[in-house]
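Below you'll find the structure, written out as structure tokens, and then a few comments.
Every value quoted in this text rests on a predicted model; they were computed, and no experiment measured them. In what follows, every heavy atom counts, from backbone to side chain, and hydrogens, waters and symmetry copies are set aside.
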Protein chains: 2
Amino acid sequence: MTPDTHVDAETALDHAGPGHKDDLRLWLRLLSCARLIEAEIRRRLRVRFDTTLPRFDFLAQLERAPDGLTPGDISRRMMVTGGNVTGLAARLEEEGLIERRAVREDRRAVTLRLTPAGRREFARQSAAHEEWVAELLGGLSATDRAALLRLLDRTRRGVRAAISEGGA
Amino acid sequence: MTPDTHVDAETALDHAGPGHKDDLRLWLRLLSCARLIEAEIRRRLRVRFDTTLPRFDFLAQLERAPDGLTPGDISRRMMVTGGNVTGLAARLEEEGLIERRAVREDRRAVTLRLTPAGRREFARQSAAHEEWVAELLGGLSATDRAALLRLLDRTRRGVRAAISEGGA
DNA sequence: CCGAAATCCTTTAGGCTTCAAGGATCATGG
DNA sequence: CCATGATCCTTGAAGCCTAAAGGATTTCGG
């Protein structure tokens, strides 16, 4: 409100160097880019397969694990909470796409695996999904793609480092 | 099912060039990168301010519009549905961070604006948010930042073009 | 052996998000 | 004027997601 406050806010940013504002721009652009693609993929999954991205990701995890996974495994791989997995699994089982099986060695646990119908359905969805992504990213040159891949890898590593430092 | 079908599926991918799989990798990396940052920011907003990203974004929109915005405006700017805005606005109003005001010229509409408390609260959150982003992205060199910004811009334009073509 | 702690999964409450439907108001063409 | 259609916002149903608490089982130290 007062002039002093106003100046302080600005100088605080200036002292922190030019990176502050640039980083915000970079993050907002990264976010909008990811959201744009994600929203389109969600839309197409809904329109063409009457499903959702979490369901698709769930089936993708099981597809890669022929022997099945426990809810805990899926929770860790999808980076979501256990309660979330319980709900998704209930609906997918209800639709006959996955099945539950008791684990002999541990009566607390259960393994989830694709049913034949689930495997078939995921194959259809997966092929379309791959085409969509190629279509959406098709505008980039091979050079740009490679550069972007490398930069994103560096970004991710940097972010992970920052999180584990700060989180310690 | 039949051998022919199987071959067709594979050749279809091959004909599309090596970009298919690469694009998928690129998309997954972009997504994991964005989600990593977003999850950390959501976590900090919750822990330190007991709030959420949608609420923060909502206040940010109002902060930039001193004269207030209608739910429709916010819906468009945040790229979410109107019903979503209704619910967020109800909770933010309940907490005294925003206020509703009738519009004289149009009795269907209403303008939402920050209360003084809302403006104060957002200032706190916004400053912290900016620091967090700088901290998380701080590992990147100036060169990488600039390159990434440019590549993401190209990506976004390409995706938008692909969507508007396909969506026509 | 046995009790405490850890692990596994589920449940519950609450917030976020969408789609679809509905009520109120405005604008327009007849 | 007024009926029709458009626009604005809200509501309702359903799915996604989290944090926190709870029940069942396993593990492990004593």
- prompt: So does B/E121 pair up with B/R124, basic N to acidic O under 4.0 Å?
  reply: yes
- request: Give a yes-or-no answer on whether the side chains of A/S32 and B/R156 include a donor-acceptor pair shorter than 3.5 Å.
  value: yes
statement: Rounding to the nearest 10°, end axes of the helix from C/dC1-D/dG30 to C/dG30-D/dC1 built from five pairs each make an angle of 0°
query: If you check the A/T81 side chain, which of D/dT18, C/dC8, D/dT10 turns out closest?
result: D/dT18
field: Contact check, side chains of B/R113 and B/L62, non-hydrogen atoms, under 4.5 Å
entry: no
message: Is A/N84 close enough to D/dT18 that one of its side-chain N or O atoms is under 4.0 Å from OP1 or OP2 there?
response: yes
task: May I ask you to say whether B/E131 pairs ionically with B/R44, meaning some side-chain N is under 4.0 Å from a carboxylate O?
output: no
message: Which heavy atom of A/R119 sits nearest to which heavy atom of A/L114, and what is that distance?
response: CA-CD1, 4.0 Å
query: Distance-only, no hydrogens or angles: does the B/T115 side chain make a donor-acceptor pair with backbone N or O of B/G96 under 3.5 Å?
result: yes
message: Working note: A/R154 + B/D144, criterion salt bridge (Lys or Arg N to Asp or Glu O under 4.0 Å); need CA distance, chi angles, decisive distance, verdict.
response: CA-CA 9 Å; A/R154 274 188 215 166; B/D144 283 353; 2.5 Å; yes
statement: Atom CG of A/L112 and atom P of C/dC9 are separated, to the nearest Å, by 8 Å
query: Would you call A/R43 and A/E38 a salt bridge, using N to O less than 4.0 angstrom?
result: no
query: Want to settle it: does B/R76 or B/G87 sit nearer the 5' end of DNA chain D, counting the closest nucleotide to each?
result: B/R76
field: 5'-most by nearest nucleotide on DNA chain C - B/L88 or A/R46
entry: B/L88
task: Can you sort out which residues in residues 49-67 of chain B have a heavy atom within less than 4.0 Å of DNA chain D? Ascending by number, please.
output: none
query: Expressed in angstrom and rounded to an integer, what is the separation of A/R100 atom CZ from C/dT10 atom C1'?
result: 9 Å
- prompt: If you look at every strand shown and take non-hydrogen atoms under 4.0 Å, does B/G72 touch a base, only sugar-phosphate, or nothing?
  reply: sugar-phosphate
For nucleotides 25-27 of chain D, give me every protein contact, N/O to N/O, under 3.5 Å, one pair per line with atom names.
unit_1 : atom_1 : unit_2 : atom_2 : d
D/dT25 : O2     : A/R108 : NH1    : 3.3
D/dT26 : OP1    : A/R107 : N      : 3.1

task: Answer yes or no: is there a side-chain heavy-atom contact under 4.5 Å between B/L69 and B/Q61?
output: yes
- prompt: Can A/D50 and A/R46 be counted as an ion pair, charged N to O under 4.0 angstrom?
  reply: no
- prompt: In whole Å, what is the span from the CZ atom of A/R35 to the C1' atom of C/dT17?
  reply: 12 Å
query: Looking at B/R91, does any N or O in its side chain come under 4.0 Å of the phosphate oxygens OP1/OP2 on C/dG15?
result: no
- request: Go through the side-chain N and O atoms of B/T81 and B/N84 and say whether any donor and acceptor fall under 3.5 Å apart.
  value: no
- request: Please determine, for the side chain of A/V110, which listed nucleotide (D/dC9, C/dC9, C/dC19) has the closest atom?
  value: C/dC9
Separation of C/dC9 P from A/R101 CZ (nearest whole Å): 16 Å
- request: Find the distance A/R42:CZ to D/dC17:C1' and express it as a whole number of Å.
  value: 11 Å
task: Say whether, by atom type as modelled, one donor and one acceptor occur between the side chain of B/D73 and the main chain of B/T70 under 3.5 angstrom.
output: yes
task: Rounded to the nearest angstrom, tell me the gap between atom CD in B/E38 and atom P in D/dT18.
output: 12 Å
